[in-house]
Amino acid sequence: MYQNYKNVERVKPSGLELVDRLVGVQRVTKVTKGGRAFGFSAIVVVGDGNGVVGHGLGKSKDVASAIAKAIEDAKKNLVRIPIIDGTLPHEQKGKFGGARVFIKPASHGTGVIAGGAVRAVLESVGVHDVLSKSQGSSNPHNVVKATLDALLQLRSAATIAKQRGISLEKVFNG
């Protein structure tokens, strides 16, 4: 799922205090010759509030098991995101399908200025001060994936120094 990103650090769920957030539940209908068969689809974001986040999708005939399946799927897709003092290292754009998300670091005390699915992802990852803008599709599935796309493109100063083969001081004084 995250093979298109260069510096993604996958995380194992063992030993982490993960908190799950339900982003959305949809009732889906399958029309058969005997009538309509109803089911549910749930999208969930899990995170430890300290730089680890993942999302998952679960489908079932009842809501509770759809959410449980989504949580299990999310735990299989955990990644580490660089966070500096409760905010992001730099601004970034992300996109998935028709959804576009712009996230920008904010000064201490600003809070999470984000709506809906973007807020769920940013709070799960542990960002406390951020500005964001969501454009295009408001489909929660695409907005969650666009937000994760933006977060996975973030690079810390240490990562940039390592990639360039220079010292950390040269990144800032360079």
Going hydrophobic residue to hydrophobic residue with side-chain gaps under 4.5 angstrom, can you get from [X] over to [Y]?
X   : Y    : value
V79 : V144 : yes
I43 : V19  : no
I71 : V25  : yes
F96 : I81  : no
F40 : L22  : yes

Quiz item: Of all residues at least two apart in sequence or in a different chain, which pass the salt bridge (charged side-chain N to carboxylate O under 4.0 Å, His left out) check with R100?
Solution: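 Scan of R100 (salt bridge (charged side-chain N to carboxylate O under 4.0 Å, His left out), adjacent residues dropped) gives none.
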If you define the side chain from C-beta out and look only at heavy atoms, does anything of [X] sit under 4.5 Å from [Y]?
X    : Y    : answer
L154 : H90  : yes
L151 : L122 : yes
P105 : E91  : yes

Considering all heavy atoms, the nearest [X]-[Y] contact:
X    : Y    : value
A70  : V44  : CB-CG2, 3.5 Å
A150 : I103 : CB-CD1, 3.8 Å
H55  : N77  : O-ND2, 3.3 Å
G54  : L78  : N-CD2, 3.7 Å
V52  : R80  : CG2-NH1, 3.5 Å
I83  : V125 : CD1-O, 3.2 Å

Drop me the distance from [X]'s [atom1] to [Y]'s [atom2], to the nearest 0.5 angstrom.
X    : Y    : atom1 : atom2 : result
K95  : Q135 : NZ    : CD    : 12.5 Å
K93  : Q153 : NZ    : CD    : 11.0 Å
K162 : S156 : NZ    : OG    : 10.0 Å
S107 : D129 : OG    : CG    : 7.0 Å
D20  : K75  : CG    : NZ    : 7.5 Å
D85  : H128 : CG    : NE2   : 10.5 Å

Quiz item: What residue pairs, at least two apart or across chains, pass salt bridge (Lys or Arg N to Asp or Glu O under 4.0 Å) with a residue in residues 43-69?
Solution: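 Those involving residues 43-69 do not exist here.
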Quiz item: Linking Ile, Leu, Val, Met, Phe, Trp and Tyr by side-chain heavy atoms under 4.5 Å, what else ends up with L131?
Solution: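 Its cluster partners, ordered by chain and number, are I113.
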Quiz item: Remaining members of F38's ILVMFWY cluster at a side-chain heavy-atom cut-off under 4.5 Å?
Solution: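 Same cluster as F38: nobody, lone residue.
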Quiz prompt | Those residues that, when tested against S137, pass side chain to side chain donor-acceptor pair (under 3.5 Å) (two or more places apart) | solution =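 S137: no side chain to side chain donor-acceptor pair (under 3.5 Å) contacts found.
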Exercise. Answer yes or no: is there a donor N or O on one side and an acceptor on the other, between the side chain of T147 and the main chain of V118, under 3.5 Å?
Key: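 Flag not set: sc T147 to bb V118 has no pair under 3.5 Å.
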Quiz item: side chain to side chain donor-acceptor pair (under 3.5 Å): which pairs involve residues 111-126, sequence neighbours left out?
Solution: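 The answer is R21-E123, R21-S124, R119-E123.
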